[in-house]
**Q** 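Let me give you the structure first, and then I'll get to my questions.
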There are 2 protein chains.
Amino acid sequence: MEADKLLRKHNLRVTGFRKEVLALFNQRSAAVDSRTIEKHLQPADRVTVYRTLRTFEDSGIIHRIPDPTGAVKFALCNDGCNDLAHHHSHAHFHCNTCAMTICLDGHGQMPIDLPSGYTANDIQTIVCGVCAACNRAT
Amino acid sequence: MEADKLLRKHNLRVTGFRKEVLALFNQRSAAVDSRTIEKHLQPADRVTVYRTLRTFEDSGIIHRIPDPTGAVKFALCNDGCNDLAHHHSHAHFHCNTCAMTICLDGHGQMPIDLPSGYTANDIQTIVCGVCAACNRAT
DNA sequence: TTGTTAATGCAACAGTGTTGCATGTGTTTT
DNA sequence: AAAACACATGCAACACTGTTGCATTAACAA
């Protein structure tokens, strides 16, 4: 979706910086972390990057993907998300070699046995391994 | 397992601090973060805590569990782990209310479709929801 | 175009994790 | 049991990540 329309749809002001951030998300298939945004959008204030990411996450434009290492990356949401709820029970792949992270879509959810009294509202799966590029490089 | 035996089994020196850390892991069913260790083992140097956790993780005594928020916790491994490889394809539960994290065991792995050229060696599942104690408190 | 509200930039701070080095302690060897 | 060695610990300082407060600037609505 156009950056302008996407922002307006979520009741956010359309600013140059936000459009650049969205463009960066669009041109990358892999998940992005705040460092990458800082570096690529040259005169980018760290604070603004963090606030932008938080705003986008709260609005349902992007979703948070934790690494196995504890690092956090973000990727664009599909259309189902808004400020009320994220719907991201899809799996993510994390490359142990280059630390790249991507979304894996199109598969059902595994049945989980929870202890009694527990309730679940979101299931995230992280698949760790080696991506195609790193496998070729070996 | 006895702390002494566990440490010796992994070729680590048996020190007071390490035994206290292992005792803390043993007396808690939930995953533990470095802050908790610092606070509970009173005169505990942050650096020593981090190095101890890293040593234990490298040796296969504990495994790392990332929160959806990006925070990192640790829990004891089952017996199959050593310095060469961790085997932790089991799921973890994270309570959105109290931030408690536990291991869920005893279920099979979901089949995952990876893009061609990708290889997987570990699958981690994080179930987010509300634990029994927090559900009761509502 | 003007006024209101939100976004940005800057400075300072807090939390988390790391590195280097000196000192202390566990383990092995004699 | 003592000495020597290697590793573990504690301290100081640092780096990185993320946050808060406040002044300034830009977007949007009237």
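Protein chains get the first letters and strands the later ones, always in sequence-line order, with residue 1 at the start of each. Values in this document were obtained by computation on a predicted structure and should not be read as measured data.
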**Q** Send over the distance from B:Lys73 NZ to C:dT16 C1', rounded to a whole Å.
**A**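 Atom-to-atom, B:Lys73 to C:dT16, this comes out as 15 Å.
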**Q** Could you give the CD1-to-C1' distance, from B:Ile37 to C:dG17, as a whole number of Å?
**A** 14 Å
**Q** Atom NZ of A:Lys39 to atom P of D:dC16: distance rounded to whole Å?
**A**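 Distance check: A:Lys39 NZ to D:dC16 P gives 12 Å.
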**Q** Looking for any heavy atom pair under 4.0 Å, which part of the strands does B:Thr55 touch: base, sugar-phosphate only, or nothing?
**A** nothing
**Q** Which label fits A:His92 and A:His63: parallel for a plane angle under 30°, tilted from 30 to 60°, or perpendicular past 60°?
**A** parallel
**Q** Between B:Arg35 and B:Arg13, just flag the one whose closest nucleotide in DNA chain C comes earlier from the 5' side.
**A**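 Residue closer to the 5' terminus by nearest nucleotide: B:Arg35.
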**Q** To the nearest Å, give me how far apart CZ (A:Arg64) and C1' (D:dT17) are.
**A** 12 Å
**Q** With a 4.0 Å cutoff (strictly under), does any side-chain N or O of B:Thr52 reach OP1 or OP2 of D:dT9?
**A** yes
**Q** Can you name the atoms? Protein N/O to nucleotides 10-14 of chain D N/O, anything below 3.5 Å, with the distance.
**A**
from   : atom 1 : to      : atom 2 : distance (Å)
D:dG10 : OP2    : B:Thr48 : OG1    : 3.1
D:dG10 : O6     : B:Arg51 : NH2    : 2.5

**Q** Using side-chain hydrogen bond (donor to acceptor under 3.5 Å, both in side chains) as the criterion, list what pairs up with B:Arg28, not counting sequence neighbours.
**A**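 Residues passing side-chain hydrogen bond (donor to acceptor under 3.5 Å, both in side chains) with B:Arg28: B:His40.
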**Q** Can you tell me how far P of D:dT9 sits from CG of B:Leu53, to the nearest Å?
**A**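 For the pair B:Leu53 CG and D:dT9 P, the rounded distance is 11 Å.
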**Q** Identify the heavy atoms of B:Val127 and A:Ala120 that sit nearest to each other, and give their distance.
**A**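 Smallest interatomic distance, heavy atoms only, reads CG1-CB, 3.6 Å.
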**Q** Among C:dT8, D:dG18, D:dT9, which is the nearest nucleotide to the side chain of A:Tyr50?
**A**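 Looking only at heavy atoms from C-beta outward on A:Tyr50, the closest nucleotide is D:dG18.
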**Q** Looking at B:Leu12 and B:Ser59, what are the two nearest heavy atoms and their distance?
**A** CD1-OG, 3.6 Å
**Q** Mind checking whether B:Thr119 and B:Leu114 have side chains closer than 4.5 Å, heavy atoms only?
**A** no
**Q** Give a yes-or-no answer on whether the side chains of A:Thr138 and A:Asn135 include a donor-acceptor pair shorter than 3.5 Å.
**A** no
**Q** Measure the distance from CZ on B:Arg18 to P on C:dG26 and round it to the nearest whole Å.
**A** 11 Å
**Q** Find which nucleotide of DNA chain D each of A:Ser34 and B:Leu12 is nearest to by heavy atoms, and output the residue with the more 5' nucleotide.
**A** B:Leu12
**Q** Who passes salt bridge (Lys or Arg N to Asp or Glu O under 4.0 Å) against B:Arg64, sequence neighbours left out?
**A** B:Glu57
**Q** Round to the nearest Å and state the distance from A:Glu38 atom CD to C:dG9 atom P.
**A** 12 Å
**Q** Just how far, in rounded Å, is P of D:dC7 from CG of B:Leu7?
**A**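 That distance rounds to 16 Å.
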